[in-house]
Trainee: 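Just dropping this structure here.
A, B, ... follow the sequence lines: proteins, then strands. Residue 1 opens every chain.
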Number of protein chains: 2
Amino acid sequence: MAPPVPSSTDTRSRILDAAARLFHEQGFNATGVSTILREAGVNPGSLYNLYPSKDALLAAVLERYTQLLHPVVMAPVEAATADPIDRIFALLKQYRDWFLPLEFRLGCPIGNLALEVADSHPEIRPLIQQNFDGWCGYVKKWLAEAGDRLPASLDRDALAATVLTVMEGGLMQARSSRSAVAYDASVAQLRSYIDLLLARASGERSRG
Amino acid sequence: MAPPVPSSTDTRSRILDAAARLFHEQGFNATGVSTILREAGVNPGSLYNLYPSKDALLAAVLERYTQLLHPVVMAPVEAATADPIDRIFALLKQYRDWFLPLEFRLGCPIGNLALEVADSHPEIRPLIQQNFDGWCGYVKKWLAEAGDRLPASLDRDALAATVLTVMEGGLMQARSSRSAVAYDASVAQLRSYIDLLLARASGERSRG
DNA sequence: TCAAATCTTGAGCGTTCATTCAACCATATC
DNA sequence: GATATGGTTGAATGAACGCTCAAGATTTGA
């Protein structure tokens with residue numbers, strides 16, 4: 001009945017779980033290492049055996065977010081609908097459903113860190129960028145799959161970036177107001193914009 | 001040659017200047033009171049004579065941002081152009097011009113605080129909300145002034161919130177990538193959307 | 001079975017944190 | 001010139017910070 005993995009794997013994941021949760025709930029600077037240790041049920045030496053510093057732990061948390069992007073964020077959306085345009089709005093709805101029960105109290109874990117540590121931690125910023133790139137990558141893929149349903153002249157990479165903009169900007173306002181209205185408003189305008197694009201492309205197709 | 005105002009006015013503004021700059025550059029939690037004191041050239045007793053706590057100082061900084069919103073942010077835009085639609089994009093361009101020279105290193109001072117302290121400081125969140133409301137208020141006014149150049153069916157409050165969404169979401173990505181591309185892309189999509197709305201309204205006017 | 005390697009323990013390190021306060025100074029009022 | 005008021009001084013506070021390390025426990029490999 002020996003454990004199938006070295007015990008440090010369990011320690012590592014307990015630390016990562018606690019750190020990710022606390023960084024999300026309280027922010028990076030506001031979270032003390034001692035709190036992470038307590039919540040993970042681990043002693044300082046164990047943590048510093050695995051990670052040389054609190055900054056390195058943050059890097060590991062962001063690496064894990066990258067790994068979890070598809071299984072946690074994108075897979076449910078892809079399962080919900082096969083239509084590429086619908087997937088965009090399913091993704092935006094998923095975030096709404098996640099954060100509405102908490103009255104938008106936590107916000108996007110990546111976005112929070114982006115604004116808190118992007119300037120002060122040069123080695124962290126690329127990891128945040130990597131998460132955003134991955135996120136946008138899925139939206140770009142969907143927009144490519146939409147084919148000629150969208151105008152040929154449309155800059156699809158720009159639209160993908162705008163979807164992330166809507167998500168993060170809308171969520172920031174939702175957090176500030178503890179209300180969904182600005183988030184919903186932004187998503188509705190994006191819906192309206194994409195509907196106009198779909199209509200224009202449809203017209204272009206029927207005209208030749 | 002006696003100073004025309006009590007000396008505490010000067011102390012107060014030196015503290016507010018230093019605190020606002022440091023909160024913007026480093027964030028709230030990462031800024032020590034001792035740093036504010038040093039940069040303001042003030043002793044702890046003077047600060048705590050004016051503000052009972054670091055949190056109260058943050059509140060004062062946010063009050064001042066509210067006061068400065070028109071003279072610093074909106075007045076230059078209103079001076080740049082009288083056209084209400086152009087003003088929206090002049091506003092977005094002004095932020096770009098402010099932050100491009102720093103490679104988007106600092107970001108929006110309000111937005112940064114929104115994500116850092118909205119949850120943990122209940123008395124601060126309304127002040128952030130007040131700043132966002134003021135900002136959106138000007139955009140709403142411009143959209144109203146656009147009259148029937150925009151479709152009657154358009155939800156103008158929702159579009160105003162979306163302008164702020166584009167600004168904050170775009171700036172977040174710009175900070176993460178140290179590049180303007182996602183910001184520019186988001187603004188370009190907004191431009192494209194509003195052009196479609198203007199064209200539709202124009203068609204509606206000419207048809208009836 | 002034993003030595004080497006790996007992981008865990010937890011008291012304690014030096015530093016920095018936000019904040020306090022008794023004493024001191026400058027001006028205004030009478 | 002005495003008194004009151006408001007502002008300033010800056011050393012000192014206890015708590016919390018990120019982190020260390022010698023010692024012990026456990027696992028690994030031969």
Side-chain angles (χ1 to χ4, degrees), chain A residues 1-23 25-62 113 116-117 119-124, chain B residues 1-62 113 116-117 120-124:
Chain A
M1 277 300 179
V5 288
S7 70
S8 77
T9 297
D10 186 54
T11 305
R12 177 175 254 115
S13 70
R14 286 217 315 280
I15 291 172
L16 282 177
D17 284 347
R21 205 190 69 242
L22 289 164
F23 291 163
E25 287 173 1
Q26 314 185 349
F28 176 72
N29 287 305
T31 298
V33 173
S34 62
T35 310
I36 299 171
L37 296 170
R38 177 166 26 85
E39 303 272 300
V42 153
N43 292 109
S46 291
L47 193 159
Y48 284 92
N49 177 54
L50 292 168
Y51 305 105
S53 68
K54 189 189 175 190
D55 289 2
L57 174 56
L58 173 59
V61 166
L62 281 165
L113 293 169
E116 189 179 2
V117 304
D119 290 339
S120 53
H121 293 66
E123 78 284 6
I124 297 295
Chain B
M1 276 304 176
V5 289
S7 68
S8 75
T9 298
D10 185 55
T11 304
R12 176 174 256 117
S13 70
R14 287 218 314 281
I15 291 172
L16 283 177
D17 283 347
R21 204 190 70 241
L22 289 163
F23 290 163
H24 189 201
E25 287 173 4
Q26 315 184 343
F28 176 73
N29 287 306
T31 298
V33 173
S34 62
T35 309
I36 299 170
L37 297 171
R38 176 166 27 84
E39 303 272 300
V42 152
N43 292 320
S46 291
L47 192 159
Y48 283 92
N49 177 54
L50 291 168
Y51 304 105
S53 69
K54 188 189 177 190
D55 288 2
L57 174 56
L58 173 60
V61 165
L62 282 166
L113 292 168
E116 189 179 3
V117 304
S120 54
H121 293 68
E123 78 285 7
I124 297 295

Trainee: Which residues pass the side-chain hydrogen bond (donor to acceptor under 3.5 Å, both in side chains) test with A:Glu123, not counting sequence neighbours?
Mentor: none
Trainee: Using whole Å, what does the distance between atom C1' of nucleotide C:dC7 and atom CG of A:Leu50 come to?
Mentor: 8 Å
Trainee: Find the distance A:Asn49:CG to D:dT27:P and express it as a whole number of Å.
Mentor: 15 Å
Trainee: Whole Å only: how far is the NE2 atom of B:His121 from the P atom of C:dA18?
Mentor: 11 Å
Trainee: Measure the distance from CZ on B:Arg14 to C1' on D:dG7 and round it to the nearest whole Å.
Mentor: 13 Å
Trainee: Does a side-chain N or O of B:Asn43 approach OP1 or OP2 of D:dG10 to a distance below 4.0 Å, or not?
Mentor: yes
Trainee: Please state how far atom CD1 in B:Ile36 lies from atom C1' in C:dT19, giving the value in whole angstrom units.
Mentor: 13 Å
Trainee: In the 5'-to-3' direction, what one-character label does each nucleotide of nucleotides 13-24 of chain D receive under the scheme B = base within less than 4.0 Å of a protein heavy atom, S = sugar-phosphate only, - = no such atom?
Mentor: ----SSBBB---
Trainee: Who are the side-chain hydrogen bond (donor to acceptor under 3.5 Å, both in side chains) partners of A:Asp55, not counting sequence neighbours?
Mentor: A:His121
Trainee: Tell me the interatomic distance from A:Ile15, atom CD1, to C:dT8, atom C1', rounded to whole angstroms.
Mentor: 11 Å
Trainee: Give a yes or no answer on whether the side chain of A:Glu116 reaches the backbone of B:Gly27 with a donor-acceptor pair at less than 3.5 Å.
Mentor: no
Trainee: Going by the rule side-chain hydrogen bond (donor to acceptor under 3.5 Å, both in side chains), which residues pair with A:Arg38 if we only count those two or more places apart in sequence or in a different chain?
Mentor: none
Trainee: Looking at residues at least two apart in the chain, or sitting in another chain, which of them share a side chain to side chain contact (heavy atoms under 4.5 Å, CB included) with A:Ser34?
Mentor: none
Trainee: Rounded to the nearest Å, what distance is computed from the CG atom of residue A:Leu47 to the C1' atom of nucleotide C:dT9?
Mentor: 14 Å
Trainee: Mind checking side-chain hydrogen bond (donor to acceptor under 3.5 Å, both in side chains) for B:Thr31 and listing every partner two or more places apart, or none if nothing turns up?
Mentor: B:Gln26
